Amino acid sequence: MAYPGSRFTKDFDLTVAWFASYLPRSTTSYFMRVDWETVGRCVNRTLHNLEPERSRILDGLVNIGIDETSYKKGHKYITVIVNHDTNTVVWASEDHGKSVLEKFYKQLTPEQLSSFKVVTGDGARWITDCVNEYTPNCARCVDSFHVVELAMAALDEVRKDIWHDAYSEYKQVKKDNPHGKGRPKKDDPEFAIVKAAKAKADEIKGSAYALGTAPVITKAYKRR
């Protein structure tokens, strides 16, 4: 027995779809020896069997996460909503922005909207606007991934500022301790001072700043 239009048996289609629900499409494609597009078609054919009442997946949502991601070299976007309590995707749509997210909220019943307690995401204004409009009583948070991302970006700006200061110091030390033509002697004290200043600037330039355990402490480490 096979689904209409399928070259495979129902068991094969169901097996591919089951793998795809737990594994990346590339892994499913490799193990089942079919291409990416075939995996998608298998999932579409078996969707009703795997989730006969898909609308129920939106019942009882309490803590959700909203994010958009790009694909096809950043030319296309997809908006994804996950249930944090089950770590599963509950809704997705092509493109991103307020008009796209509104499609998710507008399909929900008042009872479904009232169950929301926390909505996480990045700092996008369109997410905040939708949360304030449709679920004003729930908490709007920046998720941990974006918190770390923003913190690391801020730390990198600190690193750049420190490197600019160290490099300016190196140029000044070099100007204050000129040497003549030819290779300087190893025990030349002026050369040692210049070399140490350059090494300090180079170490900062080739390093990254990592979040430390203390609230205001950072530590530099060399990239590997």
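Note that the coordinates shown come from a computational prediction; the quantities given were computed from them, not determined experimentally. Note that the numbering runs from 1 along the sequence shown for the chain.
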(request) Looking only at non-hydrogen atoms, find the nearest pair between G5 and R45 and report the distance. (result) O-NH1, 4.5 Å
(message) Is the shortest side-chain heavy-atom distance between D122 and E68 below 4.5 Å?
(response) yes
(request) Apply the side-chain contact (heavy atoms from CB on, under 4.5 Å) test between I81 and each candidate in L61, I64, V89; give the one that qualifies. (result) I64
(request) Flag yes if W126 and V131 sit in one hydrophobic cluster, no otherwise; membership is Ile, Leu, Val, Met, Phe, Trp, Tyr, and two members link when side-chain heavy atoms are under 4.5 Å apart. (result) yes
(request) Check whether more than 12 heavy atoms from other residues, nucleotides or ligands sit under 6.0 Å from atom NZ of K10, and answer yes or no. (result) yes
(message) Please determine whether residues V100 and V119 belong to a single hydrophobic cluster, defined as Ile, Leu, Val, Met, Phe, Trp and Tyr linked transitively by side-chain heavy-atom distances below 4.5 Å.
(response) yes
(message) Taking side chain to side chain donor-acceptor pair (under 3.5 Å) as the definition, give me every residue that meets it alongside T88, ordered by chain and number, with sequence neighbours left out.
(response) T86
(message) Once side chain to side chain donor-acceptor pair (under 3.5 Å) is applied, do any residues pair with D165, and if so which ones, sequence neighbours excluded?
(response) none
(message) Nearest 0.5 angstrom please: T46 OG1 to D11 CG, how far?
(response) 11.5 Å
(message) With rounding to the nearest 0.5 angstrom, report the CZ to CG distance, F31 to L23.
(response) 7.5 Å
(request) Measure the acute angle between the ring planes of Y167 and W163, then classify it against the limits of 30° and 60° as parallel, tilted or perpendicular. (result) parallel
(request) Please say which of T120, N132, T128, T135 ends up in a side chain to side chain donor-acceptor pair (under 3.5 Å) with R140. (result) T128
(message) With heavy-atom distances below 4.5 Å as the criterion, would you say the side chains of V82 and N87 are in contact?
(response) no
(message) Side chains of M152 and E149, heavy atoms from C-beta outward: is any pair under 4.5 Å?
(response) no
(message) If you apply the rule side chain to side chain contact (heavy atoms under 4.5 Å, CB included), what do you find for S70 with K76, and how did you get there?
(response) CA-CA 6 Å; S70 61; K76 292 189 176 182; over 6 Å; no
(request) With the side chain counted from C-beta on, respond yes when I78 and S93 share a heavy-atom pair under 4.5 Å apart, and no when they do not. (result) no
(message) What I'd like to find out is whether the side chain of V118 reaches to under 4.5 Å of the side chain of C141, using heavy atoms alone.
(response) yes
(request) I would like to know whether L58 and Q107 meet side chain to side chain contact (heavy atoms under 4.5 Å, CB included); could you show each step before the answer? (result) CA-CA 10 Å; L58 301 177; Q107 69 178 315; 4.0 Å; yes
(request) Report the distance from atom CD1 of I193 to atom NZ of K195, rounding to the nearest 0.5 Å. (result) 13.5 Å
(request) Nearest 0.5 Å please: distance from the CG atom of D129 over to the NZ atom of K98. (result) 5.0 Å
(request) Could you check if a side-chain atom of F8 sits within less than 4.5 angstrom of a side-chain atom of T38, using non-hydrogen atoms only? (result) yes
(message) Is there a side chain to side chain donor-acceptor pair (under 3.5 Å) between D13 and S6? Walk through the geometry before answering.
(response) CA-CA 9 Å; D13 279 339; S6 176; 3.0 Å; yes
(request) Measure from NZ or CZ of K200 to the centre of the six-membered ring of Y170, then state whether that distance is under 6.0 Å and the direction lies within 45° of the axis. (result) no
(request) Please report the shortest heavy-atom distance between G60 and S115, naming the atom on each side. (result) C-OG, 3.9 Å
(request) Would you please test V34 and F12 for side chain to side chain contact (heavy atoms under 4.5 Å, CB included) and show each step? (result) CA-CA 11 Å; V34 293; F12 184 87; 3.9 Å; yes
(request) Treating Ile, Leu, Val, Met, Phe, Trp and Tyr as nodes and any side-chain heavy-atom pair under 4.5 angstrom as an edge, say whether Y3 and M32 lie in one connected cluster. (result) no
(message) Tell me whether V142 shares a hydrophobic cluster with V80, the cluster being built from Ile, Leu, Val, Met, Phe, Trp, Tyr side chains joined at under 4.5 Å.
(response) no
(message) So E169 and K198, do their side chains get closer than 4.5 Å, heavy atoms only?
(response) no
(request) Indicate if Y22 and V16 have the same hydrophobic cluster label, given that clusters are the connected sets of ILVMFWY residues with side-chain heavy-atom separations under 4.5 angstrom. (result) yes
(message) Has Q112 got a side-chain atom pairing as donor or acceptor with T109's backbone, closer than 3.5 angstrom?
(response) yes
(request) Show your reasoning for whether side chain to side chain contact (heavy atoms under 4.5 Å, CB included) applies to Y30 and R25. (result) CA-CA 9 Å; Y30 174 79; R25 183 181 291 195; over 6 Å; no
(message) With rounding to the nearest 0.5 angstrom, report the CG to SG distance, L113 to C138.
(response) 9.5 Å
(message) Within this structure, what is the NZ-CG distance for the pair K103 and D95, rounded to the nearest 0.5 Å?
(response) 8.0 Å
(request) Look at the aromatic rings of H96 and Y77 and report parallel, tilted or perpendicular, splitting at 30° and 60°. (result) tilted
(message) Here's a test for you: under ring-ring contact (aromatic ring centres under 6.0 Å, His included), which of Y105, F104, F116 qualifies with Y134?
(response) Y105
